[in-house]
Every structure is written in structure tokens, then in C-alpha cells.
Enquirer: 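Take this structure first; my questions come after.
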Amino acid sequence: MKKSIISTAILAIAFALCGCFSTTGAKGSVPAKVEVKAKKADAKTKSAVKKRKKNSEKNVVKADAAKPEPAYKVTIHLAGDSTCANYAASSALAGWGQLLNEYCKSDVRVNNMAKGGCSTRSFIYQKRWDALINSVKPGDYVIVQFGHNDSKKDKRFADAKTTYSANLKKFIADIRARKANPVIATSISRCVFKKGKIAPS
């Protein structure tokens with residue numbers, strides 16, 4: 001009988017250490033002291049496994065951090081408004097800049113800095129232009145598309161004959177100073193229809 005109890009206790013501890021079996025069975029019961037020891041051993045094993053897993057995750061993060069970034073030959077930078085901007089996958093909206101990368105080669109990167117509601121003026125005072133131009137490298141391309149919000153009569157307003165044209169010239173000069181290639185894109189037509197046909201805007 002004693003041998004049976006001892007054998008049962010040893011099996012219970014062994015299974016507990018393996019983490020695959022309960023310390024109590026359907027037939028009979030393990031002595032309280034043995035059960036406590038088995039639980040402690042089980043907790044210690046789980047703690048050790050958790051620690052190893054945590055260290056493993058840290059090593060993975062370090063390994064990922066050590067990986068060099070993909071080598072891109074050229075970056076296409078985008079400065080624009082909502083018609084060019086990125087949107088969440090759940091959104092019903094999508095700017096053309098959001099999809100541009102799908103049509104580029106693997107060694108071309110798209111840096112889309114466009115933001116809904118921006119005009120040439122607000123893009124500058126919000127410091128978005130500074131952030132973009134500081135990341136431009138020789139040989140890159142910068143596509144600039146504004147117009148819709150420059151015409152709005154608020155703090156974003158940029159007169160077409162003065163401020164708007166001056167801002168575009170500034171963008172071009174800054175891009176060329178970086179030995180990059182400026183591209184001025186025509187504004188996308190608004191969704192304004194008259195008699196079933198899109199109206200010029």
C-alpha cells in the first residue's frame with residue numbers, strides 16, 4: 001500500500017513537471033503534502049518556461065532590429081491633399097497615392113506625406129513640407145499636388161496668382177536643391193456632377 005502511494009506520488013510529480021496532467025486523479029487521492037510539492041514544482045516549471053519564452057521574444061526583437069532596411073534605389077515622395085492621402089483599410093476612401101506603391105518596382109519606395117485638408121500654405125506651416133524635404137535624397141522624385149484647399153477662404157487660402165504659385169516655386173527650388181526631381185501634378189477633379197456629367201472644378 002505504501003509503495004502504491006509512493007508510486008502514485010512520483011507519477012503525479014512527474015506529470016506535474018511535464019505540465020500535462022493534473023496532480024489529482026479520479027481514483028484515490030494524492031497526500032496533501034505531495035500535492036502541494038507537485039503544485040510548487042508545476043508553478044516553478046511554468047515560471048521557467050515563461051522566462052525562456054520572454055528571453056526568446058527579446059532575442060527575436062533584437063534580431064529583427066539588426067536586420068538592415070531594404071535597399072531602395074529611389075523614393076517617390078508625395079505632397080498633397082485628401083485625394084492623394086492614405087486612409088485606413090476599413091475606410092471607404094482611398095487616395096491615389098495610397099495605391100501608387102502597387103505599381104512600382106520592388107526597389108522603389110513611396111513616402112506618402114499627403115494629408116486631407118492641406119493646401120500649399122498649410123502644408124508648410126504644419127511643418128509637413130520640412131519633414132518631407134529633409135528625407136529627400138539625390139535622384140528621388142517628389143510629386144506635388146495641391147489646389148482644392150488653396151481656394152478655400154480660410155487660413156489655408158493661397159491666392160492662385162501670388163501665394164499659390166510662390167509656394168509651388170518654393171517646393172521646386174527645395175527639391176532641386178536636394179538634387180531630386182520635382183513633378184507638379186494637376187489637381188484631381190472633385191466629385192461635382194451636373195446633369196450626370198462631371199463638372200470642371
Enquirer: Can you confirm whether F157 is buried at CZ, in the sense that more than 12 heavy atoms of other residues, nucleotides or ligands lie under 6.0 Å from that atom?
Expert: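 Yes, CZ of F157 has more than 12 neighbouring heavy atoms, counting only those of other groups under 6.0 Å.
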Enquirer: Would you kindly say whether T186 and Q145 are connected by a side-chain donor-acceptor distance under 3.5 Å?
Expert: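 Their side chains do not contain a donor-acceptor pair, so the 3.5 Å distance test is not met.
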Enquirer: What are the two closest heavy atoms between V136 and A180, and how far apart are they?
Expert: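 For V136 and A180, the tightest heavy-atom pair comes out as CG1-CB, 3.5 Å.
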Enquirer: Do N111 and H77 have side-chain atoms, one donor and one acceptor, less than 3.5 Å apart?
Expert: yes
Enquirer: Answer yes or no: is there a donor N or O on one side and an acceptor on the other, between the side chain of Q98 and the main chain of Y87, under 3.5 Å?
Expert: yes
Enquirer: Compare every heavy atom of L78 with every heavy atom of G97, then report the nearest pair and how far apart it is.
Expert: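 Closest heavy-atom pair between G97 and L78: CA-CD1, 3.5 Å.
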Enquirer: At what distance, to the nearest 0.5 angstrom, does CD1 of I76 lie from CG of L100?
Expert: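 If we round to the nearest 0.5 Å, I76:CD1 and L100:CG are 5.0 Å apart.
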Enquirer: Is D154 salt-bridged to R156, going by a charged N under 4.0 Å from an acidic O?
Expert: yes
Enquirer: Would you mind reporting whether V110 and T75 have side-chain heavy atoms less than 4.5 Å apart?
Expert: no
Enquirer: Which atom pair, heavy atoms only, marks the closest approach of C118 to N149?
Expert: O-ND2, 2.8 Å
Enquirer: Can T120 and N167 be counted as having a side-chain donor-acceptor contact under 3.5 angstrom?
Expert: yes
Enquirer: Under 4.5 Å between side-chain heavy atoms, counting indirect links through other Ile/Leu/Val/Met/Phe/Trp/Tyr residues: same cluster for Y141 and L132 or not?
Expert: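 Unlinked, Y141 and L132 end up in two clusters.
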Enquirer: Going by side-chain hydrogen bond (donor to acceptor under 3.5 Å, both in side chains), name the pairs with one or both residues in residues 169-180, residues two or more places apart or in two chains.
Expert: W129-D174, N134-R178, K170-D174
Enquirer: Quick check: does any side chain N or O of D150 sit under 3.5 Å from a backbone N or O of S119, one acting as donor and the other as acceptor?
Expert: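 Here the side-chain-to-backbone pair does not exist.
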Enquirer: Quick check: closest heavy atoms across A114 and A85, and the distance to 0.1 Å?
Expert: O-CB, 3.6 Å
Enquirer: So, for G117 and S122, which heavy atoms are closest and what is the spacing to 0.1 Å?
Expert: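 The answer is O-OG, 4.2 Å.
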Enquirer: Output yes when a side-chain donor or acceptor of Y164 lies under 3.5 Å from a complementary backbone atom of F146, and no otherwise.
Expert: yes
Enquirer: To the closest 0.5 Å, what do you measure between CE (M113) and CG (D130)?
Expert: 9.5 Å
Enquirer: Using side-chain contact (heavy atoms from CB on, under 4.5 Å), reason through I172 and I184 one step at a time and then give a plain yes or no.
Expert: CA-CA 9 Å; I172 293 170; I184 305 300; 4.0 Å; yes
Enquirer: Should W96 and I188 count as side-chain neighbours, where that means a heavy-atom distance under 4.5 Å?
Expert: yes
Enquirer: Take atom CZ of F193 as the centre, draw a 6.0 Å sphere, and report whether it contains more than 12 heavy atoms from other residues, nucleotides or ligands.
Expert: yes
Enquirer: Please find the pair of heavy atoms, one from A185 and one from I143, that lie closest to each other, and give the distance.
Expert: CB-CG2, 4.0 Å
Enquirer: For V108 and Y72, what are the C-alpha separation, side-chain angles and deciding distance, and is it a side-chain contact (heavy atoms from CB on, under 4.5 Å)?
Expert: CA-CA 6 Å; V108 175; Y72 295 106; 5.9 Å; no
Enquirer: List the steps, then state whether side-chain contact (heavy atoms from CB on, under 4.5 Å) holds for V144 with L168.
Expert: CA-CA 8 Å; V144 178; L168 291 181; 4.0 Å; yes
Enquirer: Are the side chains of F171 and V142 in touch, meaning some heavy atoms are under 4.5 Å apart?
Expert: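 No, their side chains stay 4.5 Å or more apart.
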